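In this text the structure is predicted, and so the values were computed from the model without any measurement. Every heavy atom of this structure was used, including side-chain atoms; hydrogens, water molecules and symmetry mates were not.
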Amino acid sequence: QLQQQQRHGVGVAPSLRGHRRAQLAQTLAADGVDRPRGQSKPHRSHNTLTRILVCEPPYVGGALIVIRTIGNTCLILSISMILEHLLRAYAMTWGYFSRFKMLHVDFWVTLSAAFTDSVLVFVFRPMVVEATMQHKRADFALAMMLVCRICRLMLLWRVFRAVNSQLDSGGEVLWTFEAMEAIGDPDNGMPRVKIHNVHIVKSTSLERSAYKARLGSMKHTSGSVIERLLWCGTSGKSPENVIRSGRSLDHHISEDPRLPKCLACAQRPVYVDSCYAYTDWTDDPSGKVRQMLVVKALVGNSRQVGEEEFSEARPRSPGQGVNAIILRQNSISGSHPGEHAVYDSVHTTPIKPFEYKPQQFSLPQRDVESTIYAFHEPVGQVIPMAIITYENPDAYKEIDVLREAEAQSWPDLYDLALSGPRHTPAQVAALAELDRAIDGGVPEQVQGALDRCSRAKVRKAALADLKLKKRSESEEAGISLAYLLSDAFRRLAQERTGKDDPTFSEMKDPFFVDEVPGRPRIGASSLCPRDLGMGCSFVDSVEPKFRGPANVFLSWVWSYRLSVVCDGLQRWALLSDRDPERVFLFICFFCNNQSRILREQTAFGSDTLQNLFERRLVKIGCMVALMDSWDSPVYIQRIWTIYEQFVATHLGIAVEFILPAEPAATLITELEKGKDGINNVISTVSKVDAEHAKATFEEDEQQVKRLISKSIGFRSVNKAVKTRIITWIAEEFKSSIDRLVQEPQGDMGMTPTVHAPLVFESLSNPPC
């Protein structure tokens, strides 16, 4: 009917809209209607190709809307994917974003798809539609449409990844990005880290299924499960080779000998960096570029083990270390009968690698302590997330020292020392000569011994071990009580000071500071065993028989006179039945390198007070507090002695107070006066005021007072010291009574006039 109307000049019905008229015109044109004369009928093959490429017989019915909807939807999806990548790159910064290989590829694929969709929708499809409407050939446009549609197939890349669960909410990227933030966090010990590359590890479908199944079972068993980001080394194997091998993570990849048969992972990356990070010495002979593995682990009910539960030394056999029951059984008895606690992992208190010993080479020790998580059955519980390649400038000096010691890592150096490499007779003799030369302290002899070790080709690790041994011996040495009580030391003090009974404060300049022709400073011409530098401590300058490992810590004051110190210590040795030749006292006057401290005017000990002093006190395990008198004692006016008393009380160290003979006699006499005498003694010795106590160096005084104020406060310290001194006075009086009771009264000349229970009651309830 339409064809007849058109032939007779009748117009098309007005109700037909423009697009419908265009469709009808296309249909008529395709059937050869209203063709100008002389124009041939289009080739059927061209018309068929057009219909195939445009995906519909030329936009008949609603096909045009469908095709446009599909094209626009694809374009919107592509643009949204581009925006997703751009936002992620903005959050991570482009530098980090570009280091993720899979993200980089995904970004460019998505960008290409968005570009082709834009060209297809806005350029080539309109060209084909217009050419079709005008009955023209558009071979170029059709060919480019075909290319664009083929390029659009690149979006199947994302479909494939989604099907394989590789786009699970961007989990891998988020975990890896969190790891990159954590590795540079100052709290994790590597603030200056330089990241070279980040490789995201794609887990297999079996690994992901096992992980999800393990997550479900652990939630059912433990109730709650935490996904933790942890770090681990790869035991000398390349992390990439470990991942490519397809082998699941197990204890063969990362194991701490103290936690045998378990996959060990650290909470802080600096722990792995210190000893267990992988170094490819072939590609990087400097050893500064390292790799570590980032893993995600499921932690539900984890059992904590303390450092006391495993050996400090590397186990020789797998049976040593943490109790095997803890690690090899999932069901461990709970705290109540019949109750069973299911442990899925073990974690330690913060520990450091036992092989990590930079102090062996006089290097500062980094804070590498970390909580370690150990997984006995890591399959399904631990999956790898990424491999991070980095440099840590804070470890450069350690790397250089290890290379000089012919070791690649601290565990490597530890193994060399543990295996005890055999030395030739020439090397043994050279090391023995160096040992004696360091004891002698003569620079020429020490240098000669070092030259001999070099000619004998002694390993640098052996030299470092010997130097560390001599340093420890010097730092832990004490002065013999026999030497302190000897006439030789008394004459030395009198000759240097020109006084019959000098104080130790008066001795310090003639001993360690003053330059007098023909009378060198003590220790000035000798090498210090602690660093082989010129100038040693007093204890290192005496004969070897007068020094040994300190077994008594003396708490005292430099303003004491020589007679007070000698009389008090001699009385203590007599009362406690100690042999002076076997007593080695740690006295700061003798044991610290006073020549350097006083000449350089540096405060000693305040910066390392808590660590050095407490460690030394715990190692010695015994303190003697020397009081000069009980009436206005100088002892309770010095901040150092007050702090020493407080720390000893806090650590539970046994303290023995002692007085010289004369003040001790007057103390007993005062106590024998009865209640008035007791109150007088208590009020005198209770004048402890840490807040106003003094120290030789202002810096020391301020630092110690800051430590006290930040801990329990001055009032608590004063109370602790008062209680300890009053307890000592009670014991002193009781000992006096015991001696009176044991000896015949006729030989004593007098008997106590105070009833003992009254004394003890008064001392146990001192006045405020």
Side-chain angles (χ1 to χ4, degrees), residues 83-107 166-203 211 215 225-234 239-240 242-243 249 254 263-279 288-299 302 347 350 352-353 366-373 375 381-396:
L83 291 176
E84 174 191 350
H85 280 296
L86 292 177
L87 290 174
R88 187 181 289 113
Y90 174 76
M92 300 173 61
T93 72
W94 182 257
Y96 281 155
F97 179 84
S98 61
R99 292 172 186 170
F100 293 90
K101 296 180 180 179
M102 301 304 293
L103 272 182
H104 217 187
V105 173
D106 200 13
F107 172 77
Q166 295 180 7
L167 295 176
D168 293 343
S169 303
E172 294 165 341
V173 177
L174 293 177
W175 279 94
T176 306
F177 183 53
E178 181 179 344
M180 295 171 67
E181 287 186 325
I183 196 174
D185 190 336
D187 292 338
N188 287 326
M190 300 170 61
R192 299 197 299 158
V193 67
K194 301 176 182 177
I195 298 178
H196 286 222
N197 187 33
V198 178
H199 175 68
I200 297 180
V201 178
K202 298 302 178 183
S203 302
Y211 183 82
L215 176 61
V225 180
I226 299 175
E227 289 183 309
R228 289 194 176 276
L229 180 73
L230 301 175
W231 312 77
C232 66
T234 50
E240 295 181 356
V242 169
I243 299 302
L249 297 179
S254 178
L263 174 67
C265 303
Q267 191 171 8
R268 298 179 70 209
V270 68
Y271 181 93
V272 179
D273 173 70
S274 64
C275 287
Y276 308 116
Y278 171 75
T279 302
K288 295 179 179 179
V289 179
R290 299 177 171 182
Q291 289 182 323
M292 67 174 70
L293 193 61
V294 184
V295 300
K296 180 173 65 173
L298 298 173
V299 179
S302 180
H347 70 278
K352 66 179 180 179
R366 293 184 287 151
D367 177 19
V368 299
E369 289 190 347
S370 174
T371 298
I372 306 300
Y373 286 85
F375 305 92
Q381 191 174 358
V382 182
I383 59 174
M385 287 282 101
I387 300 170
I388 295 184
T389 305
Y390 68 96
E391 286 186 43
N392 185 12
D394 294 335
Y396 285 171

Below 3.5 Å, can you tabulate the donor-acceptor pairs from side chains in residues 177-188 to any protein atom, sequence neighbours excluded?
unit_1 : atom_1 : unit_2 : atom_2 : d
Asp185 : OD1    : Asp187 : N      : 3.0
Asn188 : ND2    : Ala182 : O      : 2.7

Run the ring-ring contact (aromatic ring centres under 6.0 Å, His included) test against Tyr373 and tell me which residues pass, sequence neighbours left out. His347
Please test Leu229 against Val294 for side-chain contact (heavy atoms from CB on, under 4.5 Å), starting from the C-alpha separation and ending with a verdict. CA-CA 7 Å; Leu229 180 73; Val294 184; 3.2 Å; yes
Non-neighbouring partners of [X] that pass salt bridge (Lys or Arg N to Asp or Glu O under 4.0 Å), sequence neighbours left out:
X      : answer
Asp367 : Arg268
Arg366 : Asp273, Glu398
Glu227 : Lys296

Distance-minimising heavy-atom pair for [X] and [Y]:
X      : Y      : result
Val295 : Cys232 : CG1-SG, 4.1 Å
Asp394 : Gly189 : OD2-O, 4.4 Å
Val198 : Ala386 : CG1-CB, 4.3 Å

Check the pair Val225, Val299 against side-chain contact (heavy atoms from CB on, under 4.5 Å), reporting the backbone distance first and the verdict last. CA-CA 6 Å; Val225 180; Val299 179; 5.9 Å; no
Rounded to the nearest 0.5 Å, what's the gap from OG1 on Thr371 to CD on Glu369? Could you check?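 Nearest 0.5 Å value for the OG1-CD distance: 9.5 Å.
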Between atom SG of Cys265 and atom CE of Met292, what is the distance when rounded to the nearest 0.5 Å?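 Cys265 atom SG to Met292 atom CE measures 12.0 Å (nearest 0.5 Å).
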Test of understanding: with side chain to side chain contact (heavy atoms under 4.5 Å, CB included), list the residues that count as partners of Ile226, not counting sequence neighbours. Arg228
What residues form a side chain to side chain contact (heavy atoms under 4.5 Å, CB included) with Ala266, not counting sequence neighbours?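 Once residues adjacent in sequence are excluded, the partners of Ala266 under the side chain to side chain contact (heavy atoms under 4.5 Å, CB included) criterion are Tyr271, Val272, Ser370, Ile372.
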Which residues satisfy the side-chain hydrogen bond (donor to acceptor under 3.5 Å, both in side chains) test with Gln291, sequence neighbours excluded? Thr389
When you compare the side chains of His196 and Glu391, does any donor N or O come within less than 3.5 Å of an acceptor on the partner?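 Yes, a side-chain donor-acceptor pair sits under 3.5 Å.
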Give the C-alpha distance, both sets of side-chain angles, the deciding distance and a yes or no for side-chain contact (heavy atoms from CB on, under 4.5 Å) between Lys194 and Tyr390. CA-CA 5 Å; Lys194 301 176 182 177; Tyr390 68 96; over 6 Å; no
For side-chain contact (heavy atoms from CB on, under 4.5 Å), just list the numbers for Val270 and Trp231, CA-CA rounded to whole Å, side-chain angles, deciding distance to a tenth of an Å, and then say yes or no. CA-CA 9 Å; Val270 68; Trp231 312 77; over 6 Å; no
